[in-house]
Amino acid sequence: MLRLYVAGQTPKAVTAFNNLTKICEDELKGKYAIEVIDLMINPQLGAADQIFALPTLVRKLPVPIRKIIGDLSNTERVLIGLDLRPTE
């Protein structure tokens with residue numbers, strides 16, 4: 001279960017979503033769920049996950065919770081952050 005927090009349809013938010021979708025399709029083959037939360041529409045939803053920068057990806061499940069900030073263009077960093085690749 002992944003949550004992507006964004007602030008509107010900015011180029012960085014769109015890039016983050018596209019990068020996340022590609023990574024998930026390549027690595028998880030349909031075994032994932034992405035929930036996009038636009039804090040311009042629902043700003044209160046960012047408080048629960050303590051969102052301070054955007055875009056931010058939060059992996060809710062499996063625990064522990066993981067957060068990655070940015071447009072998710074560094075695929076290797078995202079894979080390590082999501083525990084899909086071992087750290088070296």
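Note that the structure is a prediction, hence the values are computed from the model and not measured. We're numbering straight along the sequence, starting at 1.
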Report the C-alpha separation of Asp83 and Arg66 in whole Å, then their side-chain angles, then the decisive distance to 0.1 Å, and conclude whether the side-chain contact (heavy atoms from CB on, under 4.5 Å) test is met. CA-CA 9 Å; Asp83 277 341; Arg66 301 282 186 157; 2.8 Å; yes
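- A donor and an acceptor atom, one from each side chain of Tyr32 and Glu25, are located under 3.5 Å apart.
- The pair Lys67-Asp49 fails the salt-bridge criterion, with no side-chain N (NZ, NE, NH1 or NH2) lying under 4.0 Å from an Asp/Glu carboxylate O.
- Applying the 6.0 Å contact sphere to NZ of Lys22 captures no more than 12 heavy atoms from other residues, nucleotides or ligands.
- Think of Ile65 as one node in a network of Ile, Leu, Val, Met, Phe, Trp and Tyr side chains linked at under 4.5 Å; its network also takes in Tyr5, Ile37, Leu39, Leu45, Ile51, Leu54, Val58.
- Of all heavy-atom pairs between Ile68 and Val78, the closest is CD1-O, 3.7 Å.
- At most 12 heavy atoms of other shown residues, nucleotides or ligands fall within 6.0 angstrom of atom CE in Met40.
- Residues Val36 and Leu57 fall within the same hydrophobic cluster, defined by Ile, Leu, Val, Met, Phe, Trp and Tyr side chains chained together at heavy-atom separations under 4.5 Å.
- Of all heavy-atom pairs between Val6 and Pro55, the closest is CG1-CB, 4.1 Å.
- Between Cys24 and Ile34, the shortest heavy-atom distance links the atoms SG-CD1, 4.3 Å.
- In plain terms, the two heavy atoms of Leu82 and Arg59 that are nearest each other are O-NH1, 2.8 Å.
- Shown here is Gln44, whose CD atom has more than 12 heavy atoms of other residues, nucleotides or ligands within 6.0 Å.
- Within the 3.5 Å criterion, the main-chain N or O of Ala16 finds no donor-acceptor partner in the side chain of Asp71.
- Across Ile69 and Ala53, no two heavy atoms sit closer than the pair CG2-CB, 3.8 Å.
- Between atom CD1 of residue Ile23 and atom OG1 of residue Thr75 there is a gap of 4.0 Å, rounded to the nearest 0.5 Å.
- Taken from CG in Leu4 to CG in Leu72, the straight-line distance is 6.5 Å, to the nearest 0.5 Å.
- Atom-to-atom distance recorded for Leu61:CG and Leu2:CG is 9.5 Å, nearest 0.5 angstrom.
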